[in-house]
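Residue numbers begin at 1 in each chain, while the letters A, B, ... track the order of the sequences. Note that these values count all heavy atoms, side chains included, but never hydrogens, waters or copies made by symmetry. Values in this document were obtained by computation on a predicted structure and should not be read as measured data.
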Amino acid sequence: MRLGTWNVNSLRVRLPHLLDWLRDAKPDVACLQETKTEDANFPVSELRAAGYESVFCGQKSYNGVAILSRTPIADVAYGIPDFADDLKRCIHATVNGVRIVCLYAPNGEAPGTEKYAYKLRWYEALTRWLGQSKVADLAVLGDLNIAPEPRDVHNPKRWEGKIHFSEPERAAFRAVTNVGLKDAFRLFDQPEKQFTWWDYRLNAFDRGWGLRIDHILLSTGLAKRCTGCTIDLAPRRRERPSDHTPVIAELN
DNA sequence: ATGGTGGAAGCTCCA
């Protein structure tokens, strides 16, 4: 079972890239973020023609998440329980016995801002929820907007204390994994300088100025079934790409 | 030079 996650930064613009990626990478389940699409406009039929069922939760202009699957999707739910939030950042559902949680974490703007406080509150609620979960086979995928360690940042000295790499955010990430979730990417030896997001500005992608902020977290049982986790750079190399590129984990 | 680019909406906000 192959699980993928990708912040597409507008599903309308990126639909051709998404269809090509589904054909080439062949994920069984794909979690999407920043669809920026109201539910009435979600491209259900195009994705069905490509072999995928969709569940989604979107809004105009901002945010929006979706789960695509080649096999039936059951027990769809929306949002973090007991965390009131109008923003569409969380959808969860069961596929082949695996509970899939698709997340678009708040960006946080900058430490000290109201959006940063909201990001930390959102993470507290997420950790509380996942910590109470009794689901054995749990996979949390998405744009978590945190680079957990210095090796996940192209220039950790420059980024220290900045948004995505401040210590409170790194602590929030550790709190999530401490409920019993493994960072799938770090289950394996990886090359250095592996990132999932590069700013559109200053030619950051070609310069390698990236961060690893998109993640796949697996419960203990699923981590034992995981045989690989890779970052797929092909979509980021295309014309008019998303600023993020997909991450894929393979489960046996 | 505290810069720059992109998406969506619509003459600005968000990332």
Regarding the side chain of A:Val13, the nearest nucleotide among B:dA15, B:dG4, B:dG7 is B:dG7
Counting distance only, does the side-chain N/O of A:Arg128 pair as donor-acceptor with the main-chain N or O of A:Asp82 below 3.5 Å? no
Judged by nearest nucleotide, the residue sitting upstream toward the 5' end of DNA chain B, A:Asn9 or A:Pro106, is A:Asn9
Parallel, tilted or perpendicular: ring planes of A:His154 versus A:Trp159, cut at 30 and 60 degrees: perpendicular
Measure from the side chain of A:Tyr104, starting at C-beta and using heavy atoms only, and say which of B:dA9, B:dG7, B:dA15 lies closest. B:dA15
So, do A:Tyr52 and A:Leu18 sit near enough that their side-chain heavy atoms are less than 4.5 Å apart? no
Short question: side chain of A:Asn178, backbone of A:Arg174 - any donor-acceptor pair under 3.5 Å? yes
May I ask you to evaluate whether A:Lys60 reaches the phosphate of B:dA9, defined as a side-chain N or O under 4.0 Å from OP1 or OP2? no
Please report the distance, rounded to the nearest Å, between CG in A:Asp206 and P in B:dT5. 14 Å
Can you see if the side chain of A:Arg240 gets near the phosphate of B:dG7 - specifically, an N or O under 4.0 Å from OP1 or OP2? yes
Step through it carefully: locate the ring centre of A:His17, locate the ring centre of A:Trp6, and say whether they are under 6.0 Å apart. no
Proximal nucleotide (of B:dA15, B:dG3, B:dG7) relative to the A:Asn107 side chain: B:dA15
Length of the line joining A:Arg158:CZ and B:dG3:C1', which is rounded to integer Å: 11 Å
Whole Å only: how far is the OH atom of A:Tyr118 from the C1' atom of B:dA15? 14 Å
Side chain of A:Arg201 only, heavy atoms from C-beta on: which candidate in B:dA9, B:dT5, B:dG7 is closest? B:dT5
Would you mind telling me which of B:dA9, B:dA15, B:dG7 lies closest to the side-chain atoms of A:Arg89? B:dA15
Contact class for A:Phe205 (heavy atom, under 4.0 Å): base, sugar-phosphate, or nothing? nothing
For A:Lys36 and A:His244, find the nucleotide of DNA chain B closest to each by heavy atoms; which residue's nucleotide sits nearer the 5' end? A:Lys36
Nearest-angstrom distance, P atom, B:dA15 to B:dA9: 15 Å
Can you tell me how far C1' in B:dA1 sits from the matching atom in B:dC11, rounded to whole Å? 26 Å
Between B:dG6 atom P and A:Glu34 atom CD, what is the distance in whole Å? 15 Å
Quickly work out the A:Gln33 CD to B:dG7 C1' distance and round it to whole Å. 16 Å
Integer-rounded Å distance: B:dC14 P and A:Asn7 CG: 17 Å
A:Ser69 side-chain N/O to A:Glu53 backbone N/O, donor-acceptor pair under 3.5 Å: no
Proximity to the side chain of A:Tyr62 - top-ranked nucleotide from B:dG4, B:dC14, B:dA15: B:dC14
For atom CD of A:Glu239 and atom P of B:dT5, their distance in whole Å: 16 Å
Using whole Å, what does the distance between atom C1' of nucleotide B:dC14 and atom CG of A:Asn63 come to? 9 Å
